[in-house]
Structures are given as C-alpha cells and as structure tokens.
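Reading through the structure tokens given below for one structure.
Since this is a predicted model, take the numbers as computed values, not measurements.
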Amino acid sequence: MTTKRACVIGWPAKHSRSPKLHGYWIEKYGLDGDYRIEEVTTDDFPAFIMNLAGHGYVGCNITMPHKDAAFQLSVPDDRAKGVGASNTLYFDNGVLRSTNTDVEGAMGALDQASPGWDKHTKSAVIMGAGGACRAVIYGLIERGIETIHVANRTYEKAVDMQTRFGDRVKPAHWDDLPKLLAGAKLLINTTSLGMKGQPPLEVDISGLAPDAVVCDIIYVPLPTPLLADAKARGFKTANGLDMLLHQAVSGFELWFGKRPEVTRELFDLLAADIAKA
Ligand code: NAP
C-alpha cells in the first residue's frame with residue numbers, strides 16, 4: 001500500500017499547525033499517511049493545484065491567500081459555493097473537488113461550548129466581514145438563526161454580506177455595537193483584532209444576555225482577551241482552536257478514510273504549541 005499524502009498550501013505557511021494536528025491523528029489511528037506544508041506563491045498556485053496528484057497528494061488544505069483561487073480551480077460543493085471560497089480539496093474519481101470546512105469548524109466550536117445553542121438563539125452579532133465571516137454566516141444560516149447583525153470597520157463589506165446571504169444579514173457600523181450587544185445571546189469575533197501582533201479588540205460585553213455565548217475565532221493567544229473577559233463574566237466561550245480542530249475533521253476523513261475525533265488531548269497538544277508562539 002502506498003502512503004497517502006496531504007498538505008496545507010499557503011504563502012507564507014510555515015507556521016501552520018495543521019501538520020501537528022493531522023500528524024497526531026495519522027499516528028493515533030495507525031495510518032500510512034503523511035501531511036506536510038507546501039509554501040506556494042500566488043503566481044505558482046494555479047500550476048501547483050492543477051498538478052496536485054503529480055506532486056503526490058490525495059488532497060490538501062488551503063490557507064491564505066489562496067482560498068478564492070482554490071475555489072475557482074476546483075469543483076466546489078454547496079458550502080464552498082455559498083462561502084465563495086474553498087479550504088479543503090480532494091479527488092473524487094479523478095475530479096478535483098472542494099469544500100469549505102471553516103463552516104463546520106465554527107459550528108463545531110459553538111456546539112462544543114454550548115450544546116443545543118442553536119435551539120434557543122434567534123439572532124447573532126458578528127464583528128468583522130472578511131473571509132472567515134462568510135463561513136460563519138453560512139453556518140448560522142444553516143442552523144436557522146433568523147437575524148445576523150454584521151458590524152464591520154468598513155461598512156460596505158458588511159453590506160456585501162447582505163448582498164451575498166440575503167436579508168437575514170443586517171449590516172451595521174462598528175459604532176452600532178453597544179446597541180447591538182445589549183441583551184445579545186451570541187457574539188462572534190471574526191476580525192483579526194486581539195490576535196497576537198494586531199491591535200486590541202475594544203468592546204464592552206457587559207450588556208450581553210446572562211446566558212450568552214461568546215466566540216472568538218482567533219487562537220493566538222489562547223484564550224484571547226475577549227474570551228478571558230467573557231469567561232470572567234460567566235458567559236460560555238467558544239474558541240478558535242476548537243474551530244481549527246473541527247474544520248480539520250472532514251478533510252482528514254476525505255483523504256485518509258477515517259473520521260477522526262476531536263479530543264481534549266489533541267486540544268492540549270496544540271494549545272501547548274500555541275503558548276510557545
Ligand atoms: P480578512 O478577510 O482579512 O478579514 C479581516 C477582518 O478584520 C475584516 O473584517 C477587517 O475589517 C477586520 N479588521 C482588521 N483590522 C482591523 C482594525 N484595525 N480595526 C477594525 N477591524 C479590523 O481575514 P479572515 O480570513 O476573515 O480572518 C480573520 C481572523 O480569523 C484572522 O485572525 C484569522 O487568523 C482567523 N481565522 C481563524 C480560523 C480558525 O480556524 N480558528 C479560520 C479562519 C480565520 P475591514 O473590512 O474594515 O478591513
């Protein structure tokens with residue numbers, strides 16, 4: 001039997017934690033597999049992807065800045081089409097298909113933080129309107145959330161979210177946040193604010209509903225200041241590392257034929273690595 005190989009393609013990508021994550025599962029399940037990093041420039045990306053099998057890969061993850069190009073160069077499923085970007089590629093009878101597993105990553109993190117959250121949540125507030133926001137909105141709509149407020153520094157990009165996803169999405173200015181957060185039951189940060197090396201995220205969450213869930217998709221540092229604040233106030237918290245772990249599950253299954261489990265041991269392994277960053 002030949003070794004099945006997968007990779008993460010990005011530029012830069014050398015800090016990706018995906019090899020550690022997939023390597024853990026390959027070892028745990030005793031599979032003849034391999035997962036590595038491929039740093040590929042934007043110029044070289046199309047040729048690399050069109051010869052993915054020639055490079056020896058059964059599939060790959062895609063990270064910045066190639067998710068939109070990966071979408072164009074593969075046959076996307078409904079999720080990837082909805083989000084307009086692909087982060088997981090795989091072969092199906094020789095056809096290069098793609099999906100967007102950030103959707104299940106974000107929803108998996110919320111499910112883990114607060115099982116059944118979607119049964120009693122009618123509206124959500126999202127901060128940010130970039131690529132990750134699109135995956136979060138897609139997931140929230142799939143789960144039946146009726147109203148999704150999107151507040152962004154650049155208001156026009158919040159409007160773009162409404163154009164893409166329809167009237168359930170309510171675009172908002174950043175200054176609208178205090179009003180939107182009063183009594184809110186679900187708050188999700190999809191900006192890069194609060195990430196190591198980025199400006200802080202300054203938001204007052206004291207007015208959220210007492211049973212609110214706060215999610216931050218950033219995972220360096222862990223916890224982010226937003227989640228530390230939320231936890232100290234007694235809110236449930238969903239973190240970006242759980243999103244990363246849950247988004248990896250389907251890709252691993254598609255490439256290696258085994259659906260892996262997200263466990264505390266795996267979380268701790270990656271968290272220890274992040275703590276060194
Ligand atoms: P992106 O497309 O570049 O979007 C960045 C967002 O952050 C935009 O809404 C941008 O607002 C906002 N922003 C950046 N700097 C800001 C500032 N100084 N003030 C106010 N808003 C600011 O990035 P992305 O792909 O959506 O990723 C966003 C974050 O999510 C990154 O930190 C990424 O690492 C993380 N992420 C995590 C996972 C995971 O698995 N946990 C998956 C994907 C992404 P403007 O529109 O005004 O520029």
Side-chain angles (χ1 to χ4, degrees), residues 17-18 21-22 24-25 28 61 77-80 82-83 85 87-88 99-128 131-150 165 168-169 181 184-191 194 205 208-220 222-224 226-231 233-254 258-271 274:
R17 284 169 178 97
S18 293
L21 158 54
H22 288 284
Y24 169 89
W25 282 330
K28 176 172 175 174
N61 283 129
D77 70 0
D78 286 347
R79 275 190 174 169
V83 176
N87 75 338
T88 301
T99 184
N100 190 306
T101 64
D102 282 337
V103 176
E104 64 200 77
M107 296 304 109
L110 287 170
D111 289 342
Q112 193 164 320
S114 180
W117 62 274
D118 47 344
K119 307 285 178 290
H120 50 82
T121 303
K122 288 197 163 63
S123 74
V125 179
I126 300 179
M127 298 181 286
C133 171
R134 301 201 308 253
V136 171
I137 293 176
Y138 191 91
L140 293 179
I141 290 175
E142 265 190 343
R143 295 298 187 94
I145 305 307
E146 290 165 15
T147 306
I148 303 165
H149 301 281
V150 177
F165 292 105
R168 280 197 205 190
V169 175
L181 295 185
K185 291 184 77 155
L186 178 57
L187 171 64
I188 304 173
N189 176 43
T190 71
T191 73
I205 58 170
L208 294 175
D211 59 345
V213 179
V214 179
C215 175
D216 195 341
I217 70 165
I218 289 170
Y219 55 86
V220 184
L222 199 66
T224 58
L226 172 66
L227 290 194
D229 183 18
K231 198 167 181 192
R233 292 175 189 277
F235 300 129
K236 289 184 181 144
T237 59
N239 66 72
L241 179 54
D242 276 325
M243 175 172 168
L244 181 76
L245 301 182
H246 284 284
Q247 71 75 30
V249 168
S250 287
F252 189 92
E253 185 179 20
L254 285 164
K258 165 83 190 165
R259 190 159 184 86
E261 225 189 322
V262 174
T263 58
R264 183 77 216 184
E265 185 183 60
L266 176 59
F267 182 93
D268 289 344
L269 180 79
L270 273 288
I274 288 165

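Side-chain contact between Thr147 and Lys122 is absent, with no heavy-atom pair separated by less than 4.5 Å. Using a 4.5 Å heavy-atom threshold, the side chains of Thr99 and Ser250 count as separate. Leu226 has its side chain within reach of Met127: a pair of non-hydrogen atoms, C-beta onward, lies under 4.5 Å apart. Counting heavy atoms from C-beta on, the side chains of Thr101 and Val249 never come closer than 4.5 Å. In this structure, the side chains of Leu222 and Leu270 stay at 4.5 Å or more apart for every pair of heavy atoms. With contacts defined as side-chain heavy-atom distances shorter than 4.5 Å, the pair Phe267/Val262 does not qualify. By the 4.5 Å heavy-atom criterion applied to side chains, Thr190 and Ile188 are counted as neighbours. Looking only at side-chain heavy atoms (C-beta outward), Glu265 and Tyr24 come within less than 4.5 Å of each other.
Glu104 pairs with exactly one of Arg79, Gln247, His246 by the side-chain hydrogen bond (donor to acceptor under 3.5 Å, both in side chains) rule, that one being Arg79.
Residues Leu186 and Ser123 share a closest heavy-atom pair of CB-O, 4.1 Å. Here the closest non-hydrogen pair linking Val136 and Ala106 is CG2-CB, 4.0 Å. Here the shortest heavy-atom pairing between Ala113 and Lys236 reads O-CD, 3.7 Å. Residues Ala238 and Leu227 come closest through the heavy atom pair O-CD1, 3.5 Å.
Remark: Leu245 CG to Leu266 CG distance equals 5.0 Å, nearest 0.5 Å. His149 NE2 to Leu181 CG: the interatomic distance, rounded to the nearest 0.5 Å, is 10.0 Å. Atoms CD and OG1, on Gln112 and Thr237 in that order, are 10.5 Å from each other to the nearest 0.5 Å. One finds the NZ atom of Lys28 at 4.5 Å from the OG1 atom of Thr263 (value rounded to the nearest 0.5 Å). For the atom pair CD1 of Ile137 and CD1 of Ile145, the computed distance is 12.5 Å after rounding to the nearest 0.5 Å. How far CD1 of Ile205 is from CG of Leu187: 7.0 Å, rounded to the nearest 0.5 Å.
Here the side chain of Trp25 pairs a donor or acceptor atom with the backbone of Glu261 at under 3.5 angstrom. Using a distance-only test at 3.5 Å, with no hydrogens or angles considered, a donor-acceptor pair links the side chain of Asn61 to the main chain of Asn87. Formation of a donor-acceptor pair under 3.5 Å by the Asp102 side chain with backbone atoms of Gly105 is not found in this model.
For the side-chain contact (heavy atoms from CB on, under 4.5 Å) test, residues two or more places apart in sequence or in another chain that qualify with Arg143 are Met107, Asp111, Trp117, Asp118.
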Taking distance alone, no hydrogens or angles, what donor-acceptor pairs closer than 3.5 Å link side-chain atoms of residues 208-217 to residues at least two apart or in another chain?
unit_1, atom_1, unit_2, atom_2, d
Asp211, OD2, Lys185, NZ, 3.3
Asp216, OD1, Asn189, ND2, 3.0
Asp216, OD1, Ile218, N, 3.2
Asp216, OD2, Thr224, OG1, 2.7

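Classification of the Phe252-His22 ring pair by plane angle, with boundaries at 30° and 60°, yields parallel.
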